[in-house]
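Below is one structure; the comments refer to it alone.
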Amino acid sequence: MDVIRLCAWGYAALLGFVILTGYIPAFIDANDMIFGLFRRTWYADGLHLVSALWAAVAAMTSRRASELFFQLFGVFYFADGVLGLLTGSGYLDFGILINGVLNLSLSTRFFANAPHLGLGGVAILIGYLLAPRTRTAVHA
């Protein structure tokens, strides 16, 4: 199996773990917040589940499907993280529509959005830099 498809499997597993953190008591604080930053919601779990399934289906399907996953997922998640960093609310979970602009400290906005900035940023690197460099004539 090629490196891009293996990365997609890794993202599927990582996103599955993201869902599980909301149900592991060690990660939940006294206010029922994950890591003290994230509230468990069905729509956030749904977003992460759909993303995990998308990564898994792409990994099972083909290298090209995996490349496309990283290119699109990366842009969507990174943009969500940037919006969250600027406003305190993202768009993928409809937070900007539900909560509007939040008056949160910069450190809270940073740590709350770091996962989407990181996952999205790495996905962009995989989809737009690593994928073309590891593509062979057979995969093209």
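All heavy atoms count here, side chains included; hydrogens, waters and symmetry mates do not.
When every heavy atom of Asp93 is checked against every heavy atom of Ile98, the shortest pair comes out as O-CD1, 4.0 Å. Between Tyr77 and Leu47 the shortest heavy-atom distance is OH-CG, 3.6 Å.
Taking the six-membered ring for Trp and thresholds of 30 and 60 degrees, Trp54 and Phe69 have ring planes more than 60 degrees apart, a perpendicular arrangement.
Distance OH/Tyr91 to CG/Asp80: 5.5 Å, rounded to 0.5 Å.
In this structure, Tyr128 has its ring center at least 6.0 angstrom away from the ring center of Phe70. Outside the 6.0 Å centre-distance limit, the rings of Phe35 and Phe111 are not counted as a close aromatic pair. Checked against the 6.0 Å centroid criterion, the rings of Phe94 and Tyr43 do not qualify as a close aromatic pair.
Val122 and Leu117 fall into different hydrophobic clusters, where Ile, Leu, Val, Met, Phe, Trp and Tyr side chains are chained together by heavy-atom contacts under 4.5 Å. Residues Leu72 and Val50 are members of separate hydrophobic clusters, defined by side-chain heavy-atom contacts under 4.5 angstrom among Ile, Leu, Val, Met, Phe, Trp and Tyr.
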Using the rule given for salt bridge (charged side-chain N to carboxylate O under 4.0 Å, His left out), can you reason through Asp32 versus Arg40, listing the C-alpha separation, both sets of side-chain angles and the distance that settles it, and then say yes or no? CA-CA 8 Å; Asp32 201 33; Arg40 276 186 294 190; 2.4 Å; yes
Side chain to side chain donor-acceptor pair (under 3.5 Å), that's the test. Do Thr87 and Arg109 meet it? Break it down for me. CA-CA 8 Å; Thr87 68; Arg109 289 193 320 259; over 6 Å; no
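Using a distance-only test at 3.5 Å, with no hydrogens or angles considered, a donor-acceptor pair links the side chain of Ser66 to the main chain of Ala58. Judged purely by atom type and a 3.5 angstrom limit, Tyr11 has no side-chain atom pairing as donor or acceptor with the backbone of Phe73.
With His48 as the fixed residue, the side-chain contact (heavy atoms from CB on, under 4.5 Å) test singles out one of Leu92, Ile19, Leu53, Leu20: Ile19.
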